[in-house]
Amino acid sequence: MRTAVALSGGADSLLTLHLLREKGVPLTGVHAFFLPPSEEDRALAQRIEAGCRDLDVPFFALDLSAEFEKQVIQPFIRAYTRGRTPNPCAICNPRIKFGLLRDRVRDLGTERLATGHYARLAPTESGPGLFRGKDPAKDQSYFLSLVPVERFFGVEFPLGTWRKTDVQAELQARGLRVPAGGESQEVCFIPEDYRAFLTDRGVPLSGPGPVRTVAGEPLGNHPGLWRYTLGQRRGLGIPYSEPLYVIAKEHATNTLVVDTREKLNVAGCTAVNLNILVPQERWPEGVLAQTVYRQTPKPATVSIRRKTVTIRFEEPRSRPTPGQVAAIYSEQGQVLAGAEISDSLIS
RNA sequence: UGGGGCGUAGCCAAGCCGGCAAGGCAACGGGUUUUGGUCCCGUCAUUCGGAGGUUCGAAUCCUUCCGCCCCAG
């Protein structure tokens with residue numbers, strides 16, 4: 001059985017390739033273009049191909065840019081026009097990497113797919129189980145929580161048991177050079193600033209409006225609600241006795257509500273488009289919720305109703321941002337479910 | 001121009017019985033980072049409304065000018 005290795009050109013996928021090659025697994029190298037490939041992109045693909053050739057690994061470059069535009073970029077833009085804060089990486093995983101790419105790789109005659117994600121997959125009673133990667137600082141299971149469980153059949157993450165520093169050391173020890181160089185990492189479709197990206201695309205966005213505190217104290221004006229996200233502190237430009245955070249975006253009145261840190265806390269959230277990785281009847285007694293990447297998961301009560309989920313935190317915590325992902329974990333770090341945050345539970 | 005108060009970095013604000021300008025916010029820079037954010041670290045007044053004076057030495061004392069606020073009219 002042949003395994004395709006998704007090669008971005010970065011360090012992680014490079015080591016993934018070599019680790020599997022060493023095990024004698026029949027491999028095919030695959031590089032996907034998520035954007036219409038530039039000269040540099042093609043040059044990178046050629047360098048990756050050269051690396052595969054040295055290992056006698058067949059290589060394919062796939063242009064997925066049209067679908068990426070439709071499935072990731074357009075929804076990303078649409079989210080901003082609706083005042084949400086999208087998480088394109090979390091969308092890309094189910095739709096592109098483990099959606100389209102997964103299928104295309106199968107079309108190439110390779111049953112299995114390996115990537116350099118920092119997460120672990122292990123068989124469980126209810127199918128493939130998704131767990132946190134060993135390196136807590138690099139764990140990417142949060143971004144994978146919206147991938148349907150059946151999409152993980154035949155998928156493997158060889159780096160799930162690795163730590164980033166060990167990966168770098170191993171590459172060094174093997175004398176392997178990263179095709180993409182030490183330069184910018186996986187710069188996705190946002191070159192630097194999403195705000196610039198949106199305006200460059202001519203996306204119609206909301207205009208200036210008032211800024212006030214929760215209590216109603218006026219604090220000036222903002223240049224557009226889409227420029228802000230809940231919980232944001234920097235960039236408000238408002239001198240105050242304490243740091244101010246974005247508490248809410250009132251679209252009806254085009255008002256930006258800001259206030260001090262403690263006002264940011266909330267009792268929980270609701271989330272939609274629920275992706276269940278483990279049937280709830282198999283969940284452990286206590287589960288943990290994580291509503292932001294790299295946030296420490298904390299105990300919560302989860303109630304599911306069709307594709308909507310209500311998450312109630314045991315202790316109040318920072319208000320979840322609509323458009324971001326809420327992931328439910330077990331104490332052991334297994335992802336039980338993922339969903340798209342839609343609202344806050346105030347009490 | 002009768003009385004009172006004030007003027008310190010972009011904003012707020014200590015210091016004002018003289019000794020070589022706290023702090024907070026904002027901003028900027030960097031770090032962490034497969035999204036937005038968060039978080040962490042760092043930088044940020046040779047100068048205290050202006051001009052004189054006293055002093056070894058003043059934001060701190062004195063004089064004067066400018067500006068602002070309040071109360072009385």
Side-chain angles (χ1 to χ4, degrees), chain A residues 6 8-13 32 34-35 68 71-73 75-98 101 115-119 133 135-147 157 159 164-165 167 180 184-198 205 211 213 217 219-220 222 224-249 256 258-261 264-265 290-296 317-327 338 340-341:
Chain A
S8 65
D12 299 329
S13 56
F34 294 141
L35 299 174
F68 187 83
Q71 303 260 30
V72 178
I73 297 180
F76 172 86
I77 291 172
R78 237 177 291 128
Y80 272 110
T81 64
R82 286 182 302 167
R84 307 175 77 97
T85 303
N87 188 331
C89 294
I91 300 300
C92 174
N93 279 325
R95 297 191 183 172
I96 302 296
K97 288 180 180 166
F98 300 98
L101 178 62
T115 75
H117 281 91
Y118 286 88
D135 190 337
K138 296 293 297 181
D139 170 57
Q140 292 166 332
S141 61
Y142 173 80
F143 290 105
L144 293 165
S145 64
L146 297 184
V147 177
F157 302 140
L159 298 189
K164 183 68 176 184
T165 52
V167 168
S184 52
Q185 315 154 349
E186 298 311 298
V187 185
C188 62
F189 62 95
I190 305 169
E192 34 193 79
D193 176 16
Y194 78 92
R195 284 163 268 247
F197 173 83
L198 292 172
L205 297 155
V211 180
T213 62
E217 177 187 0
L219 292 177
H222 67 78
L225 289 183
W226 59 278
R227 293 174 169 277
Y228 302 92
T229 189
L230 295 201
Q232 180 175 336
R233 171 182 174 177
R234 298 190 72 185
L236 295 179
I238 304 171
Y240 204 68
S241 54
E242 295 167 71
L244 293 173
Y245 297 79
V246 174
I247 303 294
K249 300 198 280 182
L256 186 68
V258 303
D259 218 301
T260 51
R261 180 65 185 77
L264 196 57
N265 283 342
Q290 177 178 339
T291 57
V292 184
Y293 177 48
R294 289 180 13 165
Q295 179 190 49
T296 303
R317 60 189 324 198
S318 284
R319 151 174 339 223
T321 306
Q324 294 293 297
V325 169
E340 186 187 325
I341 296 164

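Owing to the predicted nature of the structure, the values given are computational and were not obtained by experimental measurement. In what follows, chains are A, B, ... by sequence order, proteins preceding strands, each numbered from 1.
Side-chain proximity of A:Pro239 to B:rG36, B:rC11, B:rU34: nearest is B:rC11. Set against B:rC39, B:rU35, B:rG36, the side chain of A:Val292 has B:rG36 as its closest nucleotide. You'll find that the side chain of A:Arg234 is closest to B:rC28, out of B:rG37, B:rC25, B:rC28. Comparing B:rC39, B:rA26, B:rG36 against the side chain of A:Pro243 picks out B:rA26 as the nearest. With B:rG37, B:rC25, B:rU33 as the candidates, the nucleotide lying closest to the side chain of A:Arg233 is B:rC25. Comparing B:rG37, B:rU35, B:rU34 by their nearest atom to the side chain of A:Pro88 picks out B:rU35. Nearest to the side-chain atoms of A:Thr229 among the listed nucleotides B:rG36, B:rC39, B:rU35 stands B:rG36. The listed nucleotides are B:rU38, B:rU35, B:rG36; the one nearest the side chain of A:Tyr245 is B:rU38. With B:rU33, B:rG36, B:rU38 as the candidates, the nucleotide lying closest to the side chain of A:Arg195 is B:rG36.
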*Please test A:Ile247 against A:Leu230 for side chain to side chain contact (heavy atoms under 4.5 Å, CB included), starting from the C-alpha separation and ending with a verdict.*
CA-CA 6 Å; A:Ile247 303 294; A:Leu230 295 201; over 6 Å; no

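With both pairing distances under 3.5 Å, B:rU43 is matched to B:rA27 as a Watson-Crick or G-U wobble pair. A 3.5 Å limit on both hydrogen-bonding distances identifies no Watson-Crick or G-U partner for B:rA9.
When the P atom is used for both B:rC56 and B:rC70, the distance is 43 Å, rounded to whole Å. Separating the P atom of B:rG49 from that of B:rC12 is a span of 14 Å, rounded to the nearest Å. For B:rG10 and B:rC28, the C1' atoms lie 12 Å apart once the distance is rounded to whole Å. Comparing the P positions of B:rU63 and B:rA27 gives an interatomic distance of 43 Å, to the nearest angstrom. Comparing the same atom, P, in B:rG23 and in B:rA14 gives a spacing of 15 Å after rounding to whole Å. With both ends at atom P, the span from B:rG50 to B:rA59 equals 11 Å, rounded to whole Å. Rounded to whole Å, the C1' atom of B:rG18 lies 30 Å from the corresponding atom of B:rG3. Across B:rC20 and B:rG24, the matching C1' atoms stand 25 Å from one another, rounded to whole Å.
Look at A:Lys138 and you won't find any side-chain N or O under 4.0 angstrom from OP1 or OP2 of B:rU32.
The interatomic distance linking A:Ile91 (CD1) with B:rU34 (P) rounds to 18 Å, in whole Å. The distance between atom CG of A:Leu159 and atom P of B:rU34, rounded to the nearest whole Å, is 13 Å. Between A:Phe98 atom CZ and B:rU34 atom P the separation is 15 Å, expressed in whole Å. As rounded to whole Å, 14 Å separates atom C1' of B:rG37 from atom CD of A:Gln290. One can place CZ of A:Phe143 at 9 Å from P of B:rG36, the figure rounded to the nearest angstrom. Note: CZ (A:Arg261) to P (B:rC25) measures 15 Å, nearest angstrom. One can place CZ of A:Arg84 at 18 Å from P of B:rG37, the figure rounded to the nearest angstrom. The CD1-P distance, from A:Ile247 to B:rU38, rounds to 13 Å in whole Å.
Side-chain atoms of A:Gln295 and base atoms of B:rU38 include no donor and acceptor less than 3.5 Å apart. Residue side chain A:Thr321 reaches the base of B:rG36 through a donor-acceptor N/O pair under 3.5 Å, judged by distance alone. Under 3.5 Å, the side chain of A:Arg294 and the base of B:rU32 form at least one donor-acceptor pair of N or O atoms.
To the nearest 0.5 Å, atom CD of residue A:Gln290 and atom CG of residue A:Asp139 are 7.5 Å apart. Annotation: the span from A:Leu205 atom CG to A:Leu198 atom CG amounts to 5.5 Å, rounded to 0.5 Å. Atom CD of A:Gln140 is separated from atom CZ of A:Arg294 by 12.0 Å, given to the nearest 0.5 angstrom.
When only modelled atom types and interatomic distance are considered, A:Ser318 and A:Arg261 share a side-chain donor-acceptor pair under 3.5 Å.
Across all strands, A:Tyr80 comes closer than 4.0 Å only to sugar-phosphate atoms, never to a base (heavy-atom distances). Among the atoms of the strands shown, base atoms are found under 4.0 Å from some heavy atom of A:Lys97. Among the atoms of the strands shown, only primed sugar atoms or phosphate atoms (P, OP1, OP2) are found under 4.0 Å from some heavy atom of A:Gly235. Here A:Gln140 lies in heavy-atom contact (under 4.0 Å) with a base. Contacts of A:Ser318 with the nucleic acid, taken as non-hydrogen atoms under 4.0 Å apart, are absent.
In this structure, the ring of A:Phe189 has its center no less than 6.0 angstrom from the ring center of A:Phe34.
Nearer the 5' end of RNA chain B, as judged by each residue's closest nucleotide, is the contact made by A:Glu242, out of A:Asn87 and A:Glu242. When each of A:Leu244 and A:Asn93 is assigned the nucleotide of RNA chain B with its nearest heavy atom, A:Leu244 is the one assigned upstream, toward the 5' end.
The side-chain heavy atoms of A:Ile73 and A:Phe197, taken from C-beta on, include a pair separated by under 4.5 Å.
By the 30° and 60° cut-offs, the orientation of the rings of A:Tyr194 relative to A:Trp226 is perpendicular.
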